[in-house]
2 protein chains.
Amino acid sequence: MHVFYTPDITSNQYTLNEEESRHCSKVLRLTIGDIIQLIDGKGGLYEAEISAISKKNVQLKITNKQSEFGKRNHYLHIAIAPTKNIDRLEWFLEKATEIGIDEITPIICDRSERKIVKEERLEKVITSAVKQSLTAYHPKLNPTISFAELMKQNSNGEKFIAHCIEGEKPFINQLTKSHQSYLILIGPEGDFSPTEVEIALQNGYKAVTLGNTRLRTETAALAACFEVNYINR
Amino acid sequence: MHVFYTPDITSNQYTLNEEESRHCSKVLRLTIGDIIQLIDGKGGLYEAEISAISKKNVQLKITNKQSEFGKRNHYLHIAIAPTKNIDRLEWFLEKATEIGIDEITPIICDRSERKIVKEERLEKVITSAVKQSLTAYHPKLNPTISFAELMKQNSNGEKFIAHCIEGEKPFINQLTKSHQSYLILIGPEGDFSPTEVEIALQNGYKAVTLGNTRLRTETAALAACFEVNYINR
């Protein structure tokens, strides 16, 4: 069934915006009586029937609603240094949305080569993954901030930093349990600087490893995402 | 340190081929006395010193060798239906190589939209991931075969099929333990056909789920890869 993202849905009537209406009528060639799915990004999964349709205006009657669809028993926030090649970050956002993530914050670190991120573009990537994977909760993408700014924010829950500096580091699952709120920091190509690691530890972050192999930034971030979802099965 | 893939290394002397020599001398601008790393793809990780260099000919003296570098305590073989958009399969190969995989077989299924795969191209993707992630074991890419052909092969070890047909399915970790040989089947966009699932079950494959969310083919394959590596930590 075709899925539309409708964050502003409030009643049992809804009108698709012009772009979505055109997509619905011209591209998908749907017609009156056809049933589509709507996702509000806050856990709501709807079934809706097309009650009226024109090129630029598609009106819907909600026929069924599920709340808290696919609600998770934990909260995962990953703060990741944007990759030099932005495709790799976009790829992570798509995959993390499929696997399960609640919040993402791009962070600029000492060794970040990329210091600018187009959030609108990343938002689009997340939304299309939300529709494709039928994820009723839309992950929250925060504005890009510096590592220092992130350290100033006080977040409750478990905090981890995945860095590659030599030394014994436990896995995330050895330091935490299920049903928690987790914040995990993933550094840029070239890793966090020793100073950043030191500051994170002083701020209550625990150093963790994601495995013995050398992982790219986006792979490390997805590995962390997989691990937290695995712990919370 | 710069890494080169040298599957044909046999002694403590080695000469890079013309392409690698040019890369070494012209692109990296290395010179006599410089140290590089070599990977033979069979677990050997070498340190080598440049003993002679010209545009097309770089001679190396092996100064150190580690065998069975990063040897795994398990064997993972994933048979995956090539994705319609081949980038997605290539992406999986890169990520699986980083995380840890031993063997990959592209399989053509009833609902496969893509029936042809350029193995040479995929091989290149794997090799560059091997170098980037310093994986001393080069994953084996098998020729593309049909689902039926795969069923004819008798493989020892644990066999799983990850399909999306309704019904209670356990996770891989609920059906197996660590230190095994695992073969996992991942279907195309549109899933395996009910007939294929039936045949797999008759051939000793166990049906498994990779989670409650709707995963793309390449995401499902990587989820399986993560899970097996997690079980074998």
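Reminder, nothing fancy here: chain letters follow the sequence lines and each chain counts from 1.
- Of all residues spanning residues 216-229 of chain A, those with a heavy atom less than 4.5 Å away from chain B's heavy atoms are A/Arg216, A/Glu218, A/Thr219, A/Leu222, A/Ala223, A/Phe226, A/Glu227, arranged by number.
- In B/Asn212, the CG atom is not crowded: 12 or fewer heavy atoms of neighbouring residues, nucleotides or ligands sit closer than 6.0 Å.
- Annotation for A/Lys84: atom NZ does not count as buried by contact number, only 12 or fewer foreign heavy atoms lying within 6.0 Å.
- Within 6.0 Å of the NZ atom in B/Lys124, the count of heavy atoms belonging to other residues, nucleotides or ligands does not exceed 12.
- A distance of 6.0 Å separates OH in A/Tyr230 from OH in B/Tyr230, rounded to the nearest 0.5 Å.
- No part of A/Arg72 comes within reach of chain B, as not one of its non-hydrogen atoms sits under 4.5 angstrom from that chain.
- If you take CG on B/Leu210 and CD1 on A/Ile99, they are separated by 8.5 Å, rounding to the nearest 0.5 Å.
- Residue A/Glu120 qualifies as enclosed at atom CD: its count of foreign heavy atoms under 6.0 Å is above 12.
- Checked by atom type and distance alone, the side chain of A/Thr213 pairs as donor or acceptor with a backbone atom of B/Glu98 at under 3.5 Å.
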So B/Arg233 and A/Asn173, side chain to side chain contact (heavy atoms under 4.5 Å, CB included) or not? Walk me through it. CA-CA 11 Å; B/Arg233 278 180 180 174; A/Asn173 71 312; 3.2 Å; yes

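- Within 6.0 Å of the NZ atom in A/Lys140, the count of heavy atoms belonging to other residues, nucleotides or ligands does not exceed 12.
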Show your working on side chain to side chain contact (heavy atoms under 4.5 Å, CB included) between B/Lys95 and A/Trp91 and close with a plain yes or no. CA-CA 11 Å; B/Lys95 297 315 173 196; A/Trp91 166 85; 3.7 Å; yes

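- Heavy-atom contacts from other residues, nucleotides or ligands closer than 6.0 Å to CZ of B/Arg121 number 12 or fewer.
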